[in-house]
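For reference, the structure discussed in these notes is given below.
A quick note: this is a predicted structure, and the numbers were derived from the prediction, not measured. The figures that follow rest on heavy atoms only: side chains count, while hydrogens, waters and symmetry mates do not. Order of appearance sets the numbers: ligands from 1, and atoms from 1 within every ligand.
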Amino acid sequence: MKFFVDTADLGEIRSLAEAGMVDGVTTNPSIIAKTGRNFLDVVREICDLVPGPISAEVAATDYETMLKEGRLLAKLADNVCVKVPLTPAGLRVCRELSKEGTQVNVTLCFSAGQAILAAKAGATFVSPFVGRFDDISTEGMALIADIVQIYNNYPHFTTEVLVASVRHPVHVVQAAKLGADVVTMPPKVVRQMYEHPLTDKGLAAFIADWEKTGQSILGS
Ligand code: E4P
């Protein structure tokens, strides 16, 4: 299972990459807007930090402009993955860029039917958004189960299921149980995955007992 981080915060990306927990990065226009910085500069810097796929989203919605934007983004670095919306024009761009050898992430997927279209368009990744379904009291993870099952029925579908809009570690575990290929999550969720009160309690007890021995592993 691959871990992508859903952020454009270079400090966070660097710190999680040092821990070996980043296989790629996803951004979107909202995430880029939060940085207050030039989009292309930010993408170049992230691509230098992490060798895995870095999703950079087009801003246009018409075919011609999206294709131009996608080609420009693809030239920024070898590991750029162009992100396009799941619309008829977006999927046409996906097909074209994929033929040119560019990785494409089809985003804003909210149905299994849409995911089938993304696979047929040759997407590298499809991004179903689980959290936004949960936000409207609908079981987002059911969509992941459907897409994984459907893709498994057709081995010629090479599109990877990239679980997006992840809100907490339970989403990550559920996605893993379903066999999703990738999860993209905010850095906060990666950090939450390390945490367990019994780990903290157990470690405190071990430290206290070790101190009673008066020994030092390195110093004796
Ligand atoms: C995925 O690529 C999206 O950027 C992201 O996961 C959206 O998450 P949100 O619903 O928290 O905005």
Side-chain angles (χ1 to χ4, degrees), residues 1-10 12-13 16 21-37 39 42-43 46-47 49-50 52-61 66 69-70 73-74 76 79-87 90-91 93-94 97 102-111 114-115 117-119 121 123-144 147-148 159-176 178 180-193:
M1 179 183 225
K2 284 174 271 193
F3 274 14
F4 289 2
V5 279
D6 202 25
T7 184
D9 183 323
L10 293 164
E12 292 273 33
I13 295 169
L16 291 169
M21 291 299 162
V22 181
D23 302 304
V25 177
T26 49
T27 65
N28 62 36
S30 309
I31 287 172
I32 293 296
K34 269 190 220 153
T35 68
R37 298 189 53 215
F39 175 35
V42 173
V43 172
I46 299 174
C47 286
L49 271 182
V50 175
I54 309 304
S55 289
E57 188 161 342
V58 295
T61 53
M66 256 195 277
E69 289 178 349
L73 292 170
L76 293 178
N79 54 335
V80 164
C81 175
V82 176
K83 207 173 183 191
V84 298
L86 208 155
T87 60
L91 291 185
V93 171
C94 171
L97 291 177
T102 297
Q103 296 188 80
V104 182
N105 176 356
V106 175
T107 190
L108 292 168
C109 173
F110 290 94
S111 79
Q114 290 180 319
L117 294 176
T124 316
F125 303 103
V126 65
S127 292
F129 280 37
V130 295
R132 293 192 192 185
F133 262 129
D134 290 1
D135 293 346
I136 57 161
S137 304
T138 302
E139 178 59 63
M141 214 39 80
L143 175 59
I144 305 303
I147 299 172
V148 169
T159 305
E160 295 188 26
V161 181
L162 193 170
V163 180
S165 187
V166 161
R167 302 271 193 260
H168 45 67
V170 175
H171 275 154
V172 181
V173 173
Q174 289 171 328
L178 292 169
D181 304 283
V182 191
V183 170
T184 189
M185 55 196 139
K188 178 188 83 172
V189 175
V190 185
R191 284 195 299 272
Q192 285 174 332
M193 289 182 73

Item checked: Parallel, tilted or perpendicular: ring planes of F110 versus F129, cut at 30 and 60 degrees -> tilted
Checklist line | Partner set under side-chain contact (heavy atoms from CB on, under 4.5 Å) for V170, not counting sequence neighbours | finding: H168, Q174
Margin query: Using the side-chain contact (heavy atoms from CB on, under 4.5 Å) criterion, which residues pair with V43? Sequence neighbours excluded.
Written below: F39, C47, A56, L76, V80
Check: Hey, is the main chain of V104 close enough, under 3.5 Å, to the side chain of T124 for a donor-acceptor pair?
Finding: yes
N or O contacts of ligand 1 with protein under 3.5 Å, please list pair by pair.
{"residue": "ligand 1", "atom": "2 (O)", "partner": "K83", "partner atom": "NZ", "Å": "2.7"}
{"residue": "ligand 1", "atom": "4 (O)", "partner": "D6", "partner atom": "OD1", "Å": "3.0"}
{"residue": "ligand 1", "atom": "4 (O)", "partner": "D6", "partner atom": "OD2", "Å": "3.4"}
{"residue": "ligand 1", "atom": "4 (O)", "partner": "N28", "partner atom": "ND2", "Å": "2.7"}
{"residue": "ligand 1", "atom": "4 (O)", "partner": "K83", "partner atom": "NZ", "Å": "3.4"}
{"residue": "ligand 1", "atom": "6 (O)", "partner": "D6", "partner atom": "OD2", "Å": "2.7"}
{"residue": "ligand 1", "atom": "6 (O)", "partner": "S165", "partner atom": "N", "Å": "2.7"}
{"residue": "ligand 1", "atom": "10 (O)", "partner": "R132", "partner atom": "NE", "Å": "2.7"}
{"residue": "ligand 1", "atom": "10 (O)", "partner": "S165", "partner atom": "OG", "Å": "2.7"}
{"residue": "ligand 1", "atom": "10 (O)", "partner": "R167", "partner atom": "NH1", "Å": "3.3"}
{"residue": "ligand 1", "atom": "11 (O)", "partner": "R167", "partner atom": "NH1", "Å": "2.7"}
{"residue": "ligand 1", "atom": "12 (O)", "partner": "R132", "partner atom": "NH2", "Å": "2.8"}

Next item on the list: Output every pair passing salt bridge (charged side-chain N to carboxylate O under 4.0 Å, His left out) with a member in residues 161-172, not counting sequence neighbours, ordered by first then second residue.
Entry: D135-R167
Notebook entry, point to check: Can you find a pair of side-chain heavy atoms, one from S55 and one from C81, that are under 4.5 Å apart?
Noted result: yes
